[in-house]
Visitor: 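Mind looking over this structure? Questions follow.
Model, not experiment: these values are computed from the prediction.
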Amino acid sequence: MAERSARLLSVEEMPRLDSVVQNGPDHSTMALTQAEEALWLRQQQDPDAVLKHVVAFRLDGAPDLPRLVAALYRAFEALQELNVRYRFSPDGELEKTAGSEVSSCLHIRRVETTVEAVNTLLAEQGATWDLERDAPIRALVLLSGEATILGFMVHRILGGVIRWRTLLQTVSHSYNGISSALGGSAGGEAAPEVAEMEPAVDAEISAPPVRWLLRTGGNEAPGLIDFARAPLLERSLMARAAGRCGTLIETASLSALAGPQPTPSALIAAVALQFGRFLAQLGDSAALDLSLPRRPATDMLDLSLPFCAQRFLRIILPRDVADTKDAMARILAGMASPDAGALDLRPQAERNDAPRPHAYVTWLTDPALVLPLEGISVERLPLPSLAARPDLALGLGRAAREDRLALELMAGQALSPAAGAFVLERFAGMLAGTAPLLGAPGFGHAVFDSQPDISASPASAPPDEGANAIEEIILAEFRQALSSPTMTADDDFFDHGGHSLIATRVIGRLLGSHGIEVNFNDLFRHPTAAGLAQRHGATADAGVPAEADGSALMAPLSLAQNSLWKIYAAFGFGEIFNLPFALRFLDRVDETIFARAFQDVLERHSGLRTLFRQQEDGTVGQLIVAPEDLGAYKWFWHSHESQAGDRNQEAAYRFDLSHELPLRLRFLIEEETGQQVLSLLFHHMVLDEWSVNLMMDELGHAYRQRAAGKAPIWAEQPAPFHEFARLQHRAGLNQAHLAYWTDMLRDSPRNQQILPRPAACDDASRSPSNAGGWVELKLESAVTEGLYALAKANGASLFNVVYAAIASSLHLLGSLDELVVGTSASGRNEPDYFDTIGYFTTVVAHRVGFLPESTVVELIDQVKSTINGSLPNTDIPIDLVEEALGIVREQEHLFEVFIQLHAKNKFNGAFTLEDESRIEFRQVDPERHESVLGLQFEVMEEKLGEERCIRVMMTYRSEHYDPQQVELIRQTVLKIFHHFAEPGSAGTRLVDLRPAIAAIPAPA
């Protein structure tokens, strides 16, 4: 065997192999299901998600390789639904087409050992899969000196198409020369309506079966050896894999429940009953859910394959089963009934809806039944999995000896690496009578109580009564982010003021501090803490402590800062990136205390006390001013120092960033009212919108403490901004993220003009000008509430809805087939920097397409999917995308329109003092007389008292739009907002909105 496998093919075998390698079916369009569209979209939104399942078999007995390859080719030719590709058509629709070559579905490789084969299979499972280029199914033939390994890799997009038994039997029949099996559907005549669909584990795990088995970070269990981990897997794969271990038990140990000659169903029922009681005692649970296969003898089952709710029976099992014989009978009856619902074995008095752990018990199919190959011994190759698996899944099957059963346990990625082997060893020992029942007095509680409390939350709000550990953590983060301490687990995140930026922060906090992975679409679909906890079982890990900031050395610019600096230099280092804010204080504020409180914020955030200087190599770096040196810089003026000044003069100040701090705070006294007005001027290089809210929160805390005569005490020190810049500089540009944007925008329209340019600006000899102005669009209360209702009803954010309304308005005005829209992204993809003040924001561009029959909700879904799908790539600034596309800014513009959200910024609020008195303030809108962009829409989402309101500030460039055109745009956008806000608007076609704007007078 070793000699035969030392080479891939002999001289005699090569012609035989070549003779069976043929082209596959012609390229043609095929029917597409909603399930396929959903899986395709999920893969696009998260390219690194592992959505492939893999099974493998060890082939002993000198298999005929050309014959095996021929059998695989013929199987893929017969089952043409498997060799497909998915791509966008020119009309923007997802299409499924037949693959052009069967050879792409088969790979043959040489490996040295079975260990290398396992690592090869898992590496293939974890590799990025391009569904436009690669077939969603692949067979791998791995040749080594030990054995031939046959593996199958199947993407979940084929869930409604493939039945594993049909695929394997087709290969078997072809290899064995049984031609009658070829042809037909991958599902076969007896295929159920749904074959391998979305695994039920994604939605149904509500709590870990044994909470103290969760990962706690860094526990590699180096002394543990099992066949799924240390001896086989590379360390790079170990941390990502669901572990798998196995053992053998005597069949007689189950005879008391399963009978002397048990069927597979009886064996599964007996093992499940014992396993459920064991886990309930181990985890101190009153009850737990078990899922069992209804047809273990007919389906292809393996721990690495999905568990489908349509073929699994759900059992609710109490920890203390009074009559095991009766329980066995009821379980077997449920497995035999294809229409039986969940089986609740609890006494009536104990039945409730409290969250329960969930585990799986399944059958391990004998390969001899599904893949019999003439002259070859076929054995299962137990594999761990990189695809997400449930916390605990137990499999059993026949062993080589009839008096023994094979038991295998797969422990999901949320559990400790040692958990699987520990649980299986204890359970097998309990079945054999060599280990005590875990229900012995004190055992369960003693173990559980000795573990750290993973439900502890960093937020100070009390946990919601009855919420589980994950729910408590999510609720605490909701309360903290939304400043809503009375929020309950069933309250809607968006009803309490949540929006996209806050969602980004919460998602990052959950992942970075607790190890709970939530994506944007999950939060929109399940906007309550209870709903998210039900959707995602996850482990709560300790947060990463922020690095102390003791450095005053030069640091490079971040990517976003460097992008901003290029434009700043191109415009002569003028006022283009001044950020002028103003606050009107409705109550008297102590200016001296305010200055000291703001200095506390400066000392806390090194990014604000930064100078920008050119270095010897020509690059610009940022020099951190030490806190003790702040007194050398003038940055604050009391009102008595500002009698000759006004806000407009202050907003037009030109910074010298190499010698002065990038901020100026000046108190003024408003003549008309006598009220204090604070001018806050920042340079954009050190501040973004996320940072504004952080700054105002910390300023309020510092003012409260300073007003009480105390120095502020902070819970923790945020990571310094210049460390982020250094890390990004060392990591370099992410080429995959850059390619995402260039692929999206390569053939997008350039220099789009919504309306014809004013005649006065047609003269090519005129010098470009940034002169412009602004108008305000304030929405009535009914329109505001209608837009919120439309967003909530369709699982979208308010920004998604407003963005879609503005885009559709411009589409109707300009008769555009598509529109390129610029917007801003937080740029904070590292949770460690979510509490850091600095400039992280990047500008990105999206393409929005318009089809004649598109509806309002379809446009909203497109906008939502485009924005959410692009979020992982938003570390790339727009100037680098433009450079990669060959765009020269003086000649071409990637987008004419910019839409951004200012969500509940905290310039409207109050400082609350220790005696609970309040100093109220309100933001004063700045005057604007310049615009770099043709049209910029700034959506102001505000809440004054109990009333929600939306205002839209539209800034325009006078070279591009004259006053009449600006008024036409303003009225059109307002009209479309009204239509979007009407009940039932979701199904309205965009083309049917044209009459609504036709009545608006055209510009003269």
Side-chain angles (χ1 to χ4, degrees), residues 37-38 40-47 49 88 92 94 493-494 498-508 518-527 560 688-690 737-738 740-745 748 787-788 790-811 818-829 840-850 854 856-878 881 894-895 897-903 936-939 941 950 952 980 986:
E37 289 182 331
W40 180 89
L41 179 60
R42 179 171 175 183
Q43 187 73 88
Q44 302 309 306
Q45 290 178 330
D46 188 3
F88 265 119
L94 181 63
F493 173 81
F494 298 102
H499 52 74
S500 301
L501 288 177
I502 295 179
T504 302
R505 178 181 176 84
V506 169
I507 288 168
V518 173
N519 62 48
F520 281 87
N521 289 333
D522 282 344
L523 184 53
F524 285 123
R525 294 192 189 104
H526 308 278
D688 59 20
E689 183 165 4
W690 185 311
H737 290 185
L738 177 61
Y740 171 89
W741 295 108
T742 55
D743 290 347
M744 177 198 290
L745 299 166
S748 62
L787 295 177
Y788 274 111
L790 179 61
K792 184 173 182 179
N794 293 283
S797 69
L798 176 73
F799 183 54
N800 296 152
V801 170
V802 175
Y803 184 124
I806 294 171
S808 59
S809 302
L810 302 180
H811 150 67
E818 72 171 316
L819 178 66
V820 180
V821 177
T823 190
S824 56
S826 72
R828 298 179 189 243
N829 296 336
F840 294 83
T841 298
T842 53
V843 171
V844 299
H846 301 135
R847 297 174 73 166
V848 183
F850 307 97
S854 292
V856 166
V857 71
E858 287 171 345
L859 181 61
I860 292 171
D861 285 344
Q862 180 194 160
V863 168
K864 177 178 69 174
S865 297
T866 300
I867 292 175
N868 292 352
S870 70
L871 289 174
N873 306 285
T874 53
D875 56 317
I876 307 296
I878 197 68
V881 177
L894 193 53
F895 52 83
V897 177
F898 193 87
I899 305 174
Q900 67 186 124
L901 176 72
H902 300 297
Q936 180 174 358
F937 295 87
E938 297 177 82
V939 182
E941 185 184 8
I950 299 172
V952 180
F980 270 48

Visitor: Looking at NE2 of H811 and CZ of F850, how far apart are the two atoms once the value is rounded to the nearest 0.5 Å?
Guide: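 Going from the NE2 atom of H811 to the CZ atom of F850 covers 6.0 Å.
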
Visitor: For the residue pair L871 and T874, what are the closest heavy atoms and their distance?
Guide: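 Residues L871 and T874, closest heavy atoms: O-OG1, 2.8 Å.
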
Visitor: Would Y803 and S797 satisfy side chain to side chain contact (heavy atoms under 4.5 Å, CB included), going step by step from the backbone distance to the final call?
Guide: CA-CA 10 Å; Y803 184 124; S797 69; over 6 Å; no

Visitor: Which residues satisfy the side chain to side chain contact (heavy atoms under 4.5 Å, CB included) test with Q862, sequence neighbours excluded?
Guide: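 Here the qualifying residues are V848, L859, T866.
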
Visitor: Can you check whether F980 reaches L787 side chain to side chain, under 4.5 Å on heavy atoms?
Guide: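 Touching, per the 4.5 Å side-chain cut-off.
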
Visitor: Please list, chain by chain and in numerical order, all residues satisfying side chain to side chain contact (heavy atoms under 4.5 Å, CB included) with A845, sequence neighbours excluded.
Guide: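 Listed in chain order: L745, V820, I878, L894, F895.
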
Visitor: Between T842 and I876, is any pair of side-chain heavy atoms under 4.5 Å apart?
Guide: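 Of all side-chain heavy-atom pairs linking I876 with T842, none is under 4.5 Å.
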
Visitor: Can you check side chain to side chain contact (heavy atoms under 4.5 Å, CB included) on V843 and T823, steps first, answer last?
Guide: CA-CA 6 Å; V843 171; T823 190; over 6 Å; no

Visitor: A side-chain contact here means heavy atoms from C-beta on lying under 4.5 Å apart; do V856 and L790 qualify?
Guide: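 A side-chain contact exists here, since the closest heavy-atom pair is under 4.5 Å.
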
Visitor: Rounded to the nearest 0.5 Å, how far does CD1 of I860 lie from OG of S865?
Guide: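 Here the interatomic distance stands at 11.5 Å.
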
Visitor: I'd like to check V939 versus H902 (side-chain heavy atoms, cut-off strictly below 4.5 Å). Are they in contact?
Guide: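 A side-chain contact under 4.5 Å is absent here.
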
Visitor: Of all residues at least two apart in sequence or in a different chain, which pass the salt bridge (charged side-chain N to carboxylate O under 4.0 Å, His left out) check with D875?
Guide: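 With neighbours one apart ignored, the set is empty.
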
Visitor: For D861, which residues count as a side-chain hydrogen bond (donor to acceptor under 3.5 Å, both in side chains) partner, sequence neighbours excluded?
Guide: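 D861 satisfies side-chain hydrogen bond (donor to acceptor under 3.5 Å, both in side chains) with no residue once adjacent residues are dropped.
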
Visitor: With a 4.5 Å heavy-atom cut-off, do F898 and S824 have their side chains touching?
Guide: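 Contact flag for F898/S824 side chains = yes.
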
Visitor: With sequence neighbours left out, write down each residue that passes side-chain hydrogen bond (donor to acceptor under 3.5 Å, both in side chains) with E818, or none if nothing qualifies.
Guide: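 With sequence neighbours excluded, E818 shows a side-chain hydrogen bond (donor to acceptor under 3.5 Å, both in side chains) to R847, given in chain and number order.
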
Visitor: Quick one, I950 and L798 - any side-chain contact, counting heavy atoms below 4.5 Å?
Guide: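 Side-chain contact under 4.5 Å: yes.
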
Visitor: Whether the E689 and Q900 side chains hold a donor-acceptor pair (N or O, under 3.5 Å, no angle test) is what I'd like checked.
Guide: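 Distance-only check fails for E689 and Q900.
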
Visitor: Determine whether F937 and L810 make a side-chain contact, defined as any pair of heavy atoms from C-beta on separated by less than 4.5 Å.
Guide: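 A side-chain contact under 4.5 Å exists here.
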
Visitor: Is any side-chain heavy atom of F799 less than 4.5 Å from a side-chain heavy atom of K864?
Guide: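 Not in contact.
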
Visitor: State whether the side chain of Q44 and the backbone N or O of P47 hold a donor-acceptor pair below 3.5 Å, judged by distance alone.
Guide: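 Checked: no pair found.
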
Visitor: In chain order, what residues pass the side-chain hydrogen bond (donor to acceptor under 3.5 Å, both in side chains) check against T841, with sequence neighbours excluded?
Guide: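 Result, side-chain hydrogen bond (donor to acceptor under 3.5 Å, both in side chains) vs T841: D688.
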
Visitor: List the steps and the verdict of side-chain hydrogen bond (donor to acceptor under 3.5 Å, both in side chains) for H846 and S870.
Guide: CA-CA 9 Å; H846 301 135; S870 70; 3.2 Å; yes

